[in-house]
There are 2 protein chains.
Amino acid sequence: MSKFKPTIEDVGRAAGVSRATASRVINNAPGVAAPLRARVEAAIASLGYRPDEHARALASGRTRAVDVVAISCPDAGWLGNHPYFGRVLAGMVPVLDGVNTQLRLHAIGRGQAADAIDEIAANATLGAVLADVPPDLAARFHRRCRRVVSMVPTSSVVPGMAADNIGGAYAAIEELHRLGCRRIAAVHGPILNPCATERRTGHRRAIERFGLAELSADEDFNRHGGYRATQRLLERHPDIDGIFVACDLMAAGAIQAITASGRRVPDDVSVIGFDDSIVASCTNPPLTTMGLPVEEMAAAATRLLLDGVPPSGLRMRFPVKLVRRDSTRRVAGTAPAEPPNGLMNC
Amino acid sequence: MSKFKPTIEDVGRAAGVSRATASRVINNAPGVAAPLRARVEAAIASLGYRPDEHARALASGRTRAVDVVAISCPDAGWLGNHPYFGRVLAGMVPVLDGVNTQLRLHAIGRGQAADAIDEIAANATLGAVLADVPPDLAARFHRRCRRVVSMVPTSSVVPGMAADNIGGAYAAIEELHRLGCRRIAAVHGPILNPCATERRTGHRRAIERFGLAELSADEDFNRHGGYRATQRLLERHPDIDGIFVACDLMAAGAIQAITASGRRVPDDVSVIGFDDSIVASCTNPPLTTMGLPVEEMAAAATRLLLDGVPPSGLRMRFPVKLVRRDSTRRVAGTAPAEPPNGLMNC
DNA sequence: ATGAAAGCGCTAACAT
DNA sequence: ATGTTAGCGCTTTCAT
């Protein structure tokens, strides 16, 4: 493997054409005769030519980069600790691999969020994946730059990845009901959060369908919130026998609160979470949860950006599917989950 | 805020000097008279000049980038799911912020690891942070490129961030002993893993010091491994009353296994983990653990790379400190952990 | 110590 | 359809 790095000039020479023609082929621009194009492509292959991204960026004025933006809570280690972001990155990296595109990570604090959004939008090239950006800021970004896709349903004009949150929440309640639970409570996320809203809707539909009482509480999407909400719920309605919790982190807190109240999971209270993140297999008992294909969604979002400007209002739908572990009662005749009841790989 | 982006030419003109001089000031190269330097600096400030990284890279032949490399298990969603990597990134991002340096993320599979390492080393610019790279590959990287720092102690020539794994493990056993445990077992990580080795050493020293029997098992650093090891240990030594587990993920499995055996945590068996990652607060009961300052370590590693070539064999030491939650018995007179016994922010 | 000038590898007008 | 040429913004000799 030689040290020499071929330039477009070399390619042109090898193919017996000018630099410009080589450039056209590389960027598959129109206006190159088929035979020439073939020769250039052969030259590229045989030389192992790879365009220099810096020269390209300098000459054309545009860079190839995808931005990932997340609002970080300054007080917490959010970005770092929250299982969600790692999954988003994990989904993006493989699709960016080999397409000469840099991945820029932005963690912006709540305070200067609007300015940061403007700045990122102004410098965007291929576009941005919004990992956890509230609707108003997402819309703001979209107003300044169309090359953007949100990982969650948000302002209706902003292209977004739409997991079936409604169906997932409905299915969770349905499962609890099938398991025999009749006093089913729900721990929801923040009022303003779009995902939380959808999951709330699914829950509401299900309780209407099954004729259940509405027992619910709202809190922030974190373990502590889940703990508090569950504690409150249990005090107010001691006969609760099943809880749907709108995210795994909260569900971890819910299980702790149930245990602290002297009840057992799932014997006294069944719990279903949402996400299927790493924490789902680390709770005790391991958490039954509605699995979200976060990595796939992130990959799809990235591909969208790579392919051009995503059409405004686009929604890509993703299914949410039940992952049974041990925080829900087992119905007679059902095989127990594979011991030790979690992902084998974690 | 105008749309105009000043170039080095503008700076030169504003300062009444040539482009070359401006360039020298920008790169603080020697050979510029103090007064001129001051004028150029003033011009830069007033114009809000920011050098174009692409032009710079093209002209100089070098880019400003820091690589992060992690070995990913292909079968698992490792990079995405493992709480560790998110923390590493979270530590790096803030120090890279505003220094015009790109962060390249590499997740390489076990198979083509050596090739990938060579490739990354060949293209490294500011250098690489090795997040989870085994000693032989770390050494290989270092042989090809000195601009590298490992997040864990590894081959002795490779600069590394060294958490006090030995002291941490020792302190964990010490705590268990203080709490009254006398049949203390240890669940260790893989034989070849440097961190696991150090934690094993700390454990060994402590049991010698306290005159305890050596009850231990080795498994992979994941929940499943922790589960299996604990299960085995409990079968062989039913009188175990405390377990030190070499990482939080394993500890989550350990708690599950203890519960599954009909014992209670911490009443029958106390558990101490290692890392203080997100999962530590999500187990049930919340996990007492030895906290590792991963974000700080990653930040330090990044700064090292930014500052030049880290000296071979460098070790930066970081303390590991006990975080008390509820998986360890409470001694009489000790205040209970803050309810709900976890990080308030997660 | 400072400036002039030649590229870095590529794209994009403009010619042909 | 293809080639020629002029930069993109910067670093870096080489003169002065």
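The shown structure was predicted, so the numbers you read here are calculated from the model rather than taken from an experiment. Residue numbers start from 1 in every chain, and the chains themselves are labelled A, B, ... in the order their sequence lines are given, proteins ahead of strands.
- Using a 4.0 Å cut-off on heavy atoms, the residues of residues 22-39 of chain A that approach DNA chain C are A/Ser23, A/Arg24, A/Asn27, listed by number.
- Of the possible donor and acceptor atoms, one in the side chain of B/Thr125 sits under 3.5 Å from a partner among the backbone N and O of B/Ala65.
- Legend: residues meeting side-chain contact (heavy atoms from CB on, under 4.5 Å) with B/Glu53, ordered by chain and number and at least two apart, are B/Arg56, B/Arg64, B/Asn100.
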In a table with atom names and distances, give each donor-acceptor pair under 3.5 Å that connects a side chain of residues 304-318 of chain B to protein atoms at least two apart or in another chain.
unit_1	atom_1	unit_2	atom_2	d
B/Ser312	OG	B/His142	NE2	3.2
B/Arg315	NH1	B/Val158	O	2.9
B/Arg315	NH2	B/Thr154	O	3.3

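- Qualifying side-chain hydrogen bond (donor to acceptor under 3.5 Å, both in side chains) partners for B/Asp52, counting only residues two or more places apart in sequence or in other chains: none.
- Remark: B/Arg24 engages no residue in a side-chain hydrogen bond (donor to acceptor under 3.5 Å, both in side chains) (not counting sequence neighbours).
- Taking every heavy atom of residues 6-20 of chain A and every atom of DNA chain D, pairs under 4.0 Å involve A/Val17, A/Ser18, A/Arg19, A/Ala20, by number.
- Considering only residues two or more places apart in sequence or on other chains, A/Arg147 meets the side-chain hydrogen bond (donor to acceptor under 3.5 Å, both in side chains) condition with none of them.
- With hydrogens and angles ignored, the 3.5 Å screen pairs no side-chain donor or acceptor of A/Thr302 with any backbone N or O of A/Met92.
- Inter-axis angle, ends of the helix from C/dA1-D/dT16 to C/dT16-D/dA1, five pairs per end, rounded to 10 degrees: 40°.
- Taking 4.0 angstrom as the limit, A/Arg56 places none of its side-chain polar atoms (N or O) nearer than this to OP1 or OP2 of C/dG9.
- Residues satisfying the side-chain hydrogen bond (donor to acceptor under 3.5 Å, both in side chains) test with B/Ser18, not counting sequence neighbours, are B/Thr21.
- Contact check of residues 44-53 of chain A against DNA chain C (heavy atom, cut-off under 4.0 Å) returns A/Tyr49, A/Pro51, A/Asp52.
- Within the 4.5 Å cutoff, no side-chain heavy atoms of B/Phe85 are placed close to those of B/Leu105.
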What pairs of donor and acceptor atoms, side-chain ones from residues 31-42 of chain A against any protein atom, are under 3.5 angstrom apart with sequence neighbours left out?
unit_1	atom_1	unit_2	atom_2	d
A/Arg37	NH2	A/Ala29	O	3.0
A/Arg39	NE	A/Ala15	O	3.2
A/Arg39	NH2	A/Ala15	O	2.9

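- Here the side chains of B/Met151 and B/Asp132 are not in contact, with every heavy-atom distance at 4.5 Å or above.
- Running 5' to 3' along DNA chain D, contacts with non-hydrogen atoms of chain B at under 4.0 Å begin and end at D/dG9 to D/dT13.
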